[in-house]
Amino acid sequence: MTGTVSAILATIPSPDRGVWYIGPIPLRAYALCIIAGIVVAIAWGERRFVARGGEKGAVTDIAVFAVPFGLVGGRLYHVATDWPQYFGPGGNPIDALKIWQGGLGIWGAIALGAVGALIACRRRGIPLPVFADAVAPGIVVAQAIGRLGNWFNQELYGGPTDLPWGLEIYRRIDPVTNLEDPLGGVAMDHTPIAVVHPTFLYELLWNLGVAALIVWADRRFRLGHGRVFALYVAGYTAGRFWIEIMREDHATLIAGIRINVFTSVLLFLGAVIYLVLAKKRGEREDLAALRAAEPEPEPDAEPAEDKAEEKPVESATADPTKTDKT
């Protein structure tokens with residue numbers, strides 16, 4: 001009995017709510033965590049990009065394209081891989097638009113965000129792999145910060161556990177209607193209805209470890225040509241594989257296996273192959289040298305017909321002693 005009590009006392013409590021109201025305006029912890037992660041990714045990416053010879057402010061400008069694309073892509077991936085939740089029996093298709101209730105697939109965000117980044121990079125004449133290498137550590141730290149939003153939402157957790165770091169799950173209700181509301185409600189009673197593996201926390205810590213790994217490898221081996229980003233993908237998916245297996249929240253299954261397990265395996269293999277092949281491209285790109293090598297714009301040349309018209313005048317006035325002998 002004593003062991004049970006001490007285990008419960010050592011568990012991690014969940015927040016009693018994930019939404020606060022300023023008048024009629026909801027302040028959602030999940031959204032705040034996503035925004036905080038984006039700010040960190042842009043700020044850190046900016047510093048790394050400038051250190052690699054890039055122009056200050058370029059990452060921020062590119063983010064103006066990449067972030068909206070990424071948010072749309074993340075939501076599309078989530079809806080596509082969990083479509084029965086919205087379009088299956090008992091589902092409400094309108095809920096697919098309610099991004100504030102959680103549900104962003106990282107690979108959809110990365111894929112469509114890369115499209116937005118590519119558009120912006122081409123406009124500024126920046127190689128996309130250089131940009132990707134600069135922002136890779138910030139992206140994985142942003143994911144870690146975003147996982148705190150899952151804590152506030154009481155989501156992305158695993159099966160029951162009696163480990164000291166088990167996560168307490170509370171029943172949340174709408175104070176007005178007294179109906180159960182897991183996302184927008186408040187926990188009136190802090191007696192846990194379950195103590196589970198905090199897989200959101202496992203991923204948060206793993207992501208911070210991946211960030212440290214790729215920063216170290218980048219400094220040690222001077223990685224370039226997209227290899228920092230590839231190492232991020234390989235490191236993240238290696239952790240996501242085993243964490244995904246532990247999760248027990250709703251997900252689309254293929255042959256009884258969560259779809260993100262397959263995604264993690266495929267992306268891990270692709271990232272490792274890219275790491276090996278990209279090594280042949282040589283040392284890290286020197287953005288400062290690339291910028292210096294850009295040709296200066298030539299001044300506008302005078303139209304050829306203007307020169308032709310001026311030539312007889314010049315020859316006629318060159319020697320005033322000459323006369324017309326026709």
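Small disclaimer: the values here were computed from a predicted structure and weren't measured.
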>> Test side-chain contact (heavy atoms from CB on, under 4.5 Å) on V195 and Y157; report intermediate values, then the result.
In response: CA-CA 10 Å; V195 178; Y157 50 80; over 6 Å; no
>> Walk me through whether Q154 and I169 qualify under side-chain contact (heavy atoms from CB on, under 4.5 Å).
In response: CA-CA 7 Å; Q154 288 195 143; I169 300 297; 4.1 Å; yes
Considering residues at least two apart in sequence or located in another chain, which fulfil the side chain to side chain donor-acceptor pair (under 3.5 Å) criterion with [X]?
X    : value
W20  : none
R284 : D218
E244 : R240, R247, R258
D61  : R124

Would you say the side chain of [Y] lies within less than 4.5 Å of the side chain of [X], judging by non-hydrogen atoms?
X    : Y    : result
R222 : E283 : no
Y30  : E155 : yes
L156 : R147 : yes

Between the side chain of [X] and the main-chain N/O of [Y], is any donor-acceptor distance below 3.5 Å?
X    : Y    : result
Q143 : N207 : no
D181 : I173 : no
H197 : W165 : no
R17  : V186 : no

Listed by chain and number, what are the side-chain contact (heavy atoms from CB on, under 4.5 Å) partners of [X], not counting sequence neighbours?
X    : answer
I254 : I259, F262
A63  : I42, V67
A66  : A117
A234 : F268, A271, V272

> What about Y274 and H225, are their ring centers closer than 6.0 Å?
Replying inline: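 Distance test on ring centres: not under 6.0 Å, no.
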>> Tell me if the aromatic rings of H190 and Y170 count as close, with their centers under 6.0 Å from one another.
In response: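 Yes, the ring centres sit under 6.0 Å apart.
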I'd like to check the ring-ring contact (aromatic ring centres under 6.0 Å, His included) partners of [X]; sequence neighbours left out, ordered by chain and number.
X    : value
F221 : W216
W107 : Y236
F49  : none
F131 : none

Closest approach of [X] and [Y], non-hydrogen atoms and distance?
X    : Y    : result
V196 : G158 : CB-O, 3.3 Å
V228 : D133 : N-OD1, 3.0 Å
V141 : A211 : CG2-CB, 3.6 Å
P15  : R172 : O-NH2, 2.8 Å

Roughly how far, to the nearest 0.5 Å, is the [atom2] atom of [Y] from the [atom1] atom of [X]?
X    : Y    : atom1 : atom2 : result
R227 : K279 : CZ    : NZ    : 6.5 Å
L32  : L27  : CG    : CG    : 4.5 Å
T60  : K56  : OG1   : NZ    : 9.5 Å

> Going through the distances and angles, do Y77 and N260 end up as a side-chain contact (heavy atoms from CB on, under 4.5 Å)?
Replying inline: CA-CA 11 Å; Y77 179 88; N260 280 326; 2.7 Å; yes
> Between L167 and T199, is a side-chain contact (heavy atoms from CB on, under 4.5 Å) present by the stated rule, with each step listed?
Replying inline: CA-CA 9 Å; L167 177 70; T199 50; over 6 Å; no
